[in-house]
Q: 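Here you go, one structure.
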Amino acid sequence: MPETCVIGGSRYFGKRLVQRLLDAGHHVTVVNRGSSAPPAGARHLIADRDDERSLADALGARTFDVVVDQVCYTPRQADVARRVLGPRTGRYLMTSTVEVYAEEDSERPVGEDAFDARTIAVDLDAELSYGEGKRQAEAVFARDADLAFTAVRVAHVLGGADDFTGRLAHYADRIRAGRPIAVPAVNRPATYVYVEEIAAFLAWAAERDFTGPVNAASHGPLTTVEVCAAVEARLGRRAVFREVESGEVSPLSFRRAYAMDNARATALGHRFLHTSDWLERAVAETLGGRA
């Protein structure tokens with residue numbers, strides 16, 4: 001049975017990933033700060049991943065076939081993990097993000113080669129945005145020639161009653177109150193993935209041997225208006241949109257076009273759903289009885 005380590009794995013699609021690995025027969029070790037327990041059946045180790053000694057002491061002499069890092073946000077965290085876990089795992093998967101492409105503006109979905117992590121500068125001590133932190137974290141792992149490394153670049157995740165982001169709730173609250181939803185004057189589509197789908201993809205990827213970056217996204221990019229249409233159908237009310245040329249816009253509204261191309265994952269053997277297969281279900285799950 002595979003020995004699998006998940007760093008994080010205590011909420012949202014991380015806990016779904018852990019359950020899927022357990023169901024597939026993996027021996028799963030979850031490493032986190034101990035604020036919440038993993039699903040039953042997983043070994044739980046408590047450590048501060050930012051502290052190299054704490055992480056090494058918690059792991060002891062354990063080795064793993066694969067590590068899935070759900071909560072690596074900075075190059076400093078990546079560097080600690082690379083040193084501690086690199087020599088004791090056969091393969092390292094980092095959950096990255098579509099936001100590594102945030103400097104792109106392409107009418108065509110972007111492939112993995114639009115961002116080569118090996119080419120960017122790394123500053124271990126800088127205060128970084130979410131997207132830049134992920135870019136530089138990828139770079140730290142990708143430059144380690146001794147590490148079999150995969151970066152799973154995850155689209156915007158929707159669905160689940162435990163969606164903690166508040167993005168769909170933002171739309172629902174405004175639609176219910178008749179308040180305008182601010183969108184760019186030119187509102188670009190974005191790439192999405194269903195919460196259960198990304199958990200399934202990560203579990204699938206953990207059992208493969210490919211390396212390098214891979215985009216994880218459902219087919220069918222969506223605009224803010226299309227996402228809101230599913231919320232409107234759930235609430236039985238119409239959204240009011242207000243176009244803005246500059247300044248703050250609602251979550252999941254984008255002035256840049258950088259939807260992801262999932263052709264590599266497809267070629268590797270994974271079949272993604274279309275957003276039309278799950279969007280209504282995702283909205284119903286997240287909003288629940290809020291209609």
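Computation of the quantities below employed the complete heavy-atom set of this structure, encompassing side-chain atoms and omitting hydrogens, waters and symmetry-equivalent molecules. One-based numbering along the sequence shown.
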Q: Please answer whether the main-chain N or O of S54 pairs with a side-chain N or O of D51 as donor and acceptor at a distance below 3.5 Å.
A: yes

Q: Please tell me if the side chains of L158 and L252 come closer than 4.5 Å, counting only heavy atoms from C-beta onward.
A: yes

Q: Apply salt bridge (Lys or Arg N to Asp or Glu O under 4.0 Å) to R76 and D125, showing your working.
A: CA-CA 7 Å; R76 174 68 67 185; D125 299 313; 2.4 Å; yes

Q: Is there a donor-acceptor contact under 3.5 Å from the side chain of K134 to the main chain of P75?
A: no

Q: Report yes if some heavy atom in the side chain of I175 is under 4.5 Å from a heavy atom in the side chain of R238; otherwise report no.
A: no

Q: Side chains of T223 and N187: is there a donor and an acceptor less than 3.5 Å apart?
A: no

Q: Donor-acceptor pair, R20 side chain versus L202 backbone, under 3.5 Å?
A: no

Q: Evaluate the criterion side chain to side chain contact (heavy atoms under 4.5 Å, CB included) for residue pair C72 and E138; output intermediate values, then yes/no.
A: CA-CA 9 Å; C72 187; E138 279 195 35; over 6 Å; no

Q: Specify whether Y73 and Y130 have parallel, tilted or perpendicular ring planes, treating 30° as the upper limit for parallel and 60° as the lower limit for perpendicular.
A: tilted

Q: Taking P180's backbone N and O only, do any of them form a donor-acceptor pair with R174's side chain (distance below 3.5 Å, no angle check)?
A: yes

Q: Does P109 offer a backbone N or O that forms a donor-acceptor pair with the side chain of S106 under 3.5 Å?
A: no

Q: Using the rule given for side-chain hydrogen bond (donor to acceptor under 3.5 Å, both in side chains), can you reason through D123 versus Q136, listing the C-alpha separation, both sets of side-chain angles and the distance that settles it, and then say yes or no?
A: CA-CA 8 Å; D123 186 340; Q136 293 193 27; over 6 Å; no

Q: Give me the ring orientation class for Y12 and F164: parallel if the planes are under 30° apart, tilted from 30 to 60°, perpendicular past 60°.
A: perpendicular

Q: Closer than 3.5 angstrom, by distance alone: can the side chain of S253 be matched with the main-chain N or O of V249 as a donor-acceptor pair?
A: no

Q: Are I181 and C228 close enough that some pair of their side-chain heavy atoms sits under 4.5 Å apart?
A: yes

Q: Which heavy atom in T89 sits nearest to a heavy atom in L147, and how many Å separate them?
A: CG2-CD1, 4.3 Å

Q: If we count only N and O atoms by modelled type, under 3.5 Å, do the side chains of Y258 and E103 hold a donor and an acceptor together?
A: no

Q: Please step through side chain to side chain contact (heavy atoms under 4.5 Å, CB included) for the pair V183 and R255, ending with a clear verdict.
A: CA-CA 9 Å; V183 296; R255 292 185 171 90; over 6 Å; no

Q: Output, in order, the C-alpha distance, side-chain angles, deciding distance and verdict of side-chain hydrogen bond (donor to acceptor under 3.5 Å, both in side chains) for E3 and H26.
A: CA-CA 6 Å; E3 290 287 343; H26 290 237; over 6 Å; no

Q: Does one side chain, of T211 or T150, offer a donor that lies under 3.5 Å from an acceptor on the other?
A: no

Q: Are H170 and S250 close enough that some pair of their side-chain heavy atoms sits under 4.5 Å apart?
A: yes

Q: Treating T74 as the side-chain partner and G133 as the backbone partner, does any N or O pair qualify as donor plus acceptor under 3.5 Å?
A: no

Q: In terms of ring plane angle, is the pair F272 and H219 parallel, tilted or perpendicular, where the classes change at 30° and 60°?
A: perpendicular

Q: Regarding R135 and the six-membered ring of Y101, is the cationic atom NZ or CZ under 6.0 Å from the ring centre and inside 45° of its axis?
A: no

Q: For V84, is there any backbone N or O sitting under 3.5 Å from a side-chain donor or acceptor partner on R88?
A: yes

Q: Counting distance only, does the side-chain N/O of R91 pair as donor-acceptor with the main-chain N or O of R208 below 3.5 Å?
A: yes

Q: Assess whether ring pair (Phe, Tyr, Trp, His ring centres under 6.0 Å) is satisfied between F254 and H156, documenting all intermediate values.
A: CA-CA 12 Å; F254 303 96; H156 304 288; 5.1 Å; yes

Q: Side-chain donor-acceptor pair under 3.5 Å between Y194 and E285, yes or no?
A: yes

Q: With side chain to side chain contact (heavy atoms under 4.5 Å, CB included) as the criterion, how do R49 and I7 come out once you've worked through the C-alpha distance, each side chain's angles and the decisive distance to 0.1 Å?
A: CA-CA 8 Å; R49 70 160 302 152; I7 305 177; 3.6 Å; yes

Q: Answer yes or no: are there more than 12 heavy-atom neighbours, outside R242 itself, under 6.0 Å from its atom CZ?
A: no

